[in-house]
Amino acid sequence: MTDDLLFDVPPTPTPVERLLALACDATRHNDALSLFLPTAASGPALGAHADSAAQLAHAALTAVQAVRDQQLYASADLIDATVRIKQIAYLSGEAARHLAEAQATVTAAAHANPELTGFPDTAAEQFQLAQELTGLAPEAAVESATGIARETQRRRPSATTAADGLATAERSALHTVARGHVVMARSHGREYVHSRRGSVRIATLRSLEGKGLIARAPATAPPAFQGGPAQDRIRLTALGAPAVAALLALPPAAPASAPAPAMPAAPTVTGPARSR
């Protein structure tokens, strides 16, 4: 084996990095379902979506095992995070089952009536259930990653520079991107940013893109309105994931303390004027 091959072996991702990848994959899966246009010939596409959901379930279980391999103290936060990941695995597995059943329904209906063009109602119900089951997976994955990152840092402190040099707005935007909340669109020659929660500025995204921390996936996110064009999903890059992992390990910011109310001035007692 040559020295080059020795150095080409990628490092094993940490549990937090696995969960951030899971959040990204879940966002991609949900976007694909949102852009899906069902027809009587959608059997193969439904099968592909079922495989995608099954892969989410497998990735979640792999993340659970990675957390166990760390052999951290089973604190309440760690237990909650692990249970949340297991829920992602279960819900994704159920989504895969619903999508597979929808595929079977569509395929059977097409065989029974080759002239059929519409999407069977039963398949539509199964598809909607599958969408709902994975709809919150990105959020849950990032929440779990946050709990595990903080618990790991608390038990095994380590210095990291992955997020050094980032402005407050950039850190907030990275966290929002990790949750699958940010898209960009163009209308009338101008670019717009849409974020489900919080405000993200275009200048901030351009700065992060210039640093190689995020990237645009053109026309992969659902449109802003029915019948509109697909939007560009903003995703973390291979460099962006470690930066977010470092941010998640930071302790939560202490709430700003309200200023103490001013003491009212003592009343001035004025007696009656004395005559001389």
Side-chain angles (χ1 to χ4, degrees), residues 10-35 52 55-56 58-60 62-63 66-67 81 84-85 88 92 134-150 152-153 158 160-185 191-222 230-250:
T12 301
T14 67
V16 173
E17 291 170 349
R18 288 184 185 276
L19 288 170
L20 291 176
L22 175 61
C24 180
D25 291 341
T27 299
R28 185 182 292 108
H29 172 81
N30 291 339
D31 283 345
L33 294 184
S34 297
L35 294 174
S52 174
Q55 290 172 7
L56 293 179
H58 175 74
T62 301
V67 174
R84 196 178 292 114
I85 306 169
I88 297 173
S92 298
T134 59
L136 298 179
E139 287 266 8
V142 175
E143 286 298 323
S144 297
T146 302
I148 293 169
R150 289 176 181 169
T152 302
Q153 181 67 14
S158 62
T160 178
T161 59
D164 287 354
L166 294 178
T168 301
E170 292 176 323
R171 295 184 175 205
S172 176
L174 278 177
H175 196 268
T176 307
V177 168
R179 292 175 177 267
H181 286 177
V182 184
V183 295
M184 291 187 70
E191 286 189 322
Y192 297 88
V193 176
H194 299 280
S195 175
R196 283 174 54 192
R197 295 183 185 177
S199 176
V200 179
R201 299 176 63 88
I202 290 182
T204 302
L205 294 181
R206 287 175 177 164
S207 175
L208 292 172
E209 190 174 15
K211 295 175 181 178
L213 300 179
I214 62 171
R216 296 173 64 161
T220 57
Q231 302 181 97
D232 299 347
R233 174 66 64 191
I234 308 301
R235 297 176 180 157
L236 297 178
T237 63
L239 292 177
V244 174
L247 293 175
L248 296 182
L250 298 176

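- To the nearest 0.5 Å, atom OG of residue Ser207 and atom CD1 of residue Ile214 are 8.5 Å apart.
- Within the 4.5 Å cutoff, the side chain of Leu213 has no heavy atoms near those of the Glu209 side chain.
- Put simply, the side chain of Thr220 gets close to the backbone of Ala217: a donor and an acceptor are under 3.5 Å apart.
- Identified under the side chain to side chain donor-acceptor pair (under 3.5 Å) test for residues 232-244, with sequence neighbours left out: Asp31-Arg233, Arg216-Asp232.
- The closest donor-acceptor contact from the side chain of Ser92 to the backbone of Ile88 lies under 3.5 Å.
- Closest approach of Val16 to Ile148, counting heavy atoms only: CG2-CG2, 4.1 Å.
- Qualifying side chain to side chain contact (heavy atoms under 4.5 Å, CB included) partners for Arg206, counting only residues two or more places apart in sequence or in other chains: Glu191, Ile202.
- Among pairs with a residue in residues 134-146, those fulfilling salt bridge (charged side-chain N to carboxylate O under 4.0 Å, His left out) read Glu139-Arg179, Glu139-Arg197, Glu143-Arg179, at least two apart in sequence or across chains.
- A side-chain donor-acceptor contact under 3.5 Å links Ser52 and His29.
- Closest non-hydrogen pair, Ile85 versus Ala60, comes out as CG2-O, 3.3 Å.
- Ala219 and Leu35 make their closest contact through O-CD1, 4.1 Å (heavy atoms, listed as atom of the first residue, atom of the second, distance).
- Residues passing the side chain to side chain contact (heavy atoms under 4.5 Å, CB included) test with Leu250 are Arg171, Leu247, sequence neighbours excluded.
- With sequence neighbours excluded, the residues forming a side chain to side chain contact (heavy atoms under 4.5 Å, CB included) with Ala178 are Leu20, Val142, Leu236, Val244, listed by chain and number.
- Of all heavy-atom pairs spanning Leu22 and Ala59, the tightest one is CD1-CB, 4.0 Å.
- Between atom CD1 of residue Ile234 and atom CG of residue Leu208 there is a gap of 10.0 Å, rounded to the nearest 0.5 Å.
- The minimum heavy-atom distance between Thr176 and Ser195, with the atom names listed, is CG2-OG, 3.4 Å.
- Pairs of residues two or more places apart, or lying in two chains, that qualify as salt bridge (charged side-chain N to carboxylate O under 4.0 Å, His left out) and include a residue from residues 12-25 are Asp25-Arg28.
- Contact record, Ala26 with Ala137: CB-CB, 3.8 Å, taken as the closest heavy-atom pair.
- In this structure, the side chain of Gln231 does not engage the main chain of Met184 through any donor-acceptor pair within 3.5 Å.
- Remark: His194 NE2 is packed, more than 12 non-hydrogen atoms of other residues, nucleotides or ligands lying under 6.0 Å away.
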